Amino acid sequence: MIILFRSIVIFICVLLFPLGVTFALEPGEGIVLDPVTGNYMLTYSEVLEDGSKVLTHGTFFPATKIAPDIKSKFHSDRTGAVIYSYSVSSGVQSRQILDIFRFDLFNKVVGSQDLPTNIQTATLEQVAAVFDANKLALTTPPGWDGFISTNESGASRITWDPIKSGTGIRPGESQQGFGFVSQNLPGVGAAQFKGIRDGRNGFSGEGPDPTSDISKQIQDLYKNDFVTSSAAVPTIAVPTPFDPAVTLERIQTHTHTWIGMQLLDPAFSAQLDRSFQSAISAYRLNQPKVGKKQIQTMRELIKKEHADADREDDNDDRGEQGDHDDKNKRALIDKLAARILDFDLKYVTKRMGGDKDD
Amino acid sequence: MDGLETIPASQFYALTEPDGRGGVKVIGDNGNHSGNHYLTSDAASQLWRLAATYYFKYRQDASVPLLHLNDASLMWGGRFDANGNWADPHAGHRKGTVIDIRANALPTAIPEGLFTDFEDMADKTKLANGTSAIAQLHHVGLPTQHYHVLLLGVDQ
């Protein structure tokens, strides 16, 4: 389905080229998806050494011929940190071996370190220590390698790939054992996946003029050469010192993004909002019992949609139908979103010392 | 353009190599310009991170050389005049954010068996602007084959 969707997007773009609606390409230039191979046929103007221009052809072999699925687990430890773990599978309809699994996080995971910023004075030992620490900060299955890259904005990219090239998760197979610890609460985010390409990408010469529109479009192919799937991802920063009202506000704000993702029914969101507002006000007015009751109300609403949303070891994120009496009725909240929201709300209650009712 | 700096020396990559006469030469220096190794500080930092990652992954393997750095940008940026006639369109290399890395049949090049790994390595480093470096193979199959690395994710 994802491959099909991506194909449609590209196809639409290609359709627009001749109309001149979106892009200013030179005559003959374009990117066309070959529906049989799933590869992109590139045609671009290239400037030769004598200054003349010729149309040059090439092929872009995408890493997106995969149909991945991911199951997320998360639970909190005694310190309040959240332990995330994942199992990745590759659908039988995948046409490539899945060999890259990664997350872009807004923050750092517990135990990760930044590389030294002064590249002229950094020693081998310092750099090695960072790489070693970052490996240890990840849970990585045998045969795979984990890598963390952080940047000055505080964000990080976590990547796992097989140690032995050419290996990975074959169609119909799965791999568990990926994970990390974060101080941030889960939200619904995107896990990114890539497959092993069918051929090598490259240009016979210098490639298209970097200032041309066709060059920008080709760069976009490179940049977006992955498939995503929803997962529980560290998303909501927990304030230090802990503040239940601020935490709830952040959780509420995140749930609003689910409406556009069709993970949350707008009317159900409005229903939750009333309890969110009451709970936030209660905690601000130092009325923790009222706040806790409102949280409990929200958790009961969630439970009506997915009876097992509070099971931390549940990794079945399907169940669009929910747990209504009417089994044909679509749930008002997605299963993964329900599990995440229930966890986040329970976390606030726990941090306020009131998890006894659970 | 302002703000370009010469790439600092590092144990993680090679900027020079033996000239065959007992001396050393700057890689890519063909005598037409004094200096082909200029980058912005952000791009130089990104290059260093990529090279360090490559170094630590393969340092136990004696058959894997350091990354050998060819053209980046000229001192003042602008059109990269590779042949001294201002006509040769050495694509990109104008703003100090792109560098070529040797990937041909020479023993100092990235071995072909590591090409995919190198491309993935570039992609592993997420930048503050949300993008990653992109390694694109140029002159495929030619003696001048190299990786054209968009250190800040943009060809310019």
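These numbers were taken from a predicted model, which means no experiment stands behind them. Residue numbers start from 1 in every chain, and the chains themselves are labelled A, B, ... in the order their sequence lines are given, proteins ahead of strands.
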For the NZ atom on A:Lys216, are there more than 12 heavy atoms of other groups (residues, nucleotides or ligands in this structure) within a distance under 6.0 Å? yes

Under 4.5 Å, heavy atom to heavy atom, which residues of residues 7-19 of chain B contact chain A? B:Pro8, B:Gln11, B:Phe12

Highest number of heavy-atom pairs under 4.5 Å with chain B among A:Ala122, A:Ser153, A:Gly205 belongs to A:Gly205

Can you name the nearest heavy-atom pair linking B:Lys57 to A:Asp145, along with the distance? NZ-OD2, 4.4 Å

Looking at B:Trp48 and A:Pro116, what are the two nearest heavy atoms and their distance? CZ3-O, 3.7 Å

Taking all atoms of both residues into account, what is the closest heavy-atom pair of A:Ser204 and B:Leu142, and its distance? O-CD1, 3.8 Å

Where does B:Phe115 contact chain A at under 4.5 Å (heavy atoms): side chain, backbone, both or neither? both

Classify the angle between the aromatic ring planes of B:Phe56 and A:Phe131 as parallel (below 30°), tilted (30 to 60°) or perpendicular (above 60°). tilted

A:Arg170 atom CZ: more than 12 heavy-atom contacts under 6.0 Å: no

Rounded distance (nearest 0.5 Å) linking atom CD of B:Gln136 with atom CD1 of A:Ile218: 8.0 Å

Between OG1 of B:Thr131 and OH of A:Tyr222, what distance do you get to the nearest 0.5 Å? 15.5 Å

Quick test of your reading of the model: are A:Asp161 and B:Lys124 salt-bridged, counting only N-O distances below 4.0 Å? yes

If we count only N and O atoms by modelled type, under 3.5 Å, do the side chains of B:His148 and A:Glu206 hold a donor and an acceptor together? no

Please name the pair of heavy atoms, one in B:Asp120 and one in A:Asp99, separated by the smallest distance, quoted to 0.1 Å. OD2-OD2, 4.4 Å

Would you compute the distance between atom CG of B:Asp155 and atom OG of A:Ser212 and round it to the nearest 0.5 angstrom? 9.0 Å

State the CD1-OG distance between A:Ile119 and B:Ser41, to the nearest 0.5 angstrom. 8.5 Å

Could you check whether A:Arg200 pairs with B:Glu119 (Lys NZ or Arg NE/NH1/NH2 to Asp/Glu carboxylate O, under 4.0 Å)? yes

Given heavy-atom pairs under 4.5 angstrom as the criterion, report whether the side chain, backbone, both or neither of B:Thr53 touches chain A. both

How long is the gap from CG on B:Asp123 to NZ on A:Lys223, to the nearest 0.5 Å? 11.5 Å

Under a 4.5 Å cutoff for heavy-atom pairs, which residue among A:Leu115, A:Asn201, A:Asp104 has the most contacts with chain B? A:Asp104

Among A:Glu152, A:Glu46, A:Arg102, which has the most heavy-atom pairs under 4.5 Å with chain B? A:Arg102

Tightest non-hydrogen contact, residues B:Lys126 and A:Ala155, listed as NZ-CB, 4.3 Å

Option that, when pairs with chain B are counted at under 4.5 Å, heavy atom only, ranks first among A:Ala128, A:Ser165, A:Ser215: A:Ala128

When rounded to the nearest 0.5 angstrom, what distance separates CG in B:Asp42 from CG in A:Asn151? 10.5 Å

Honestly, the part of B:Leu114 sitting under 4.5 Å from a heavy atom of chain A is neither

For A:Val127 versus B:Ala52, what's the shortest heavy-atom pair and its separation? CG1-CB, 4.2 Å

Highest number of heavy-atom pairs under 4.5 Å with chain B: which of A:Ile100, A:Leu124, A:Ile148? A:Leu124

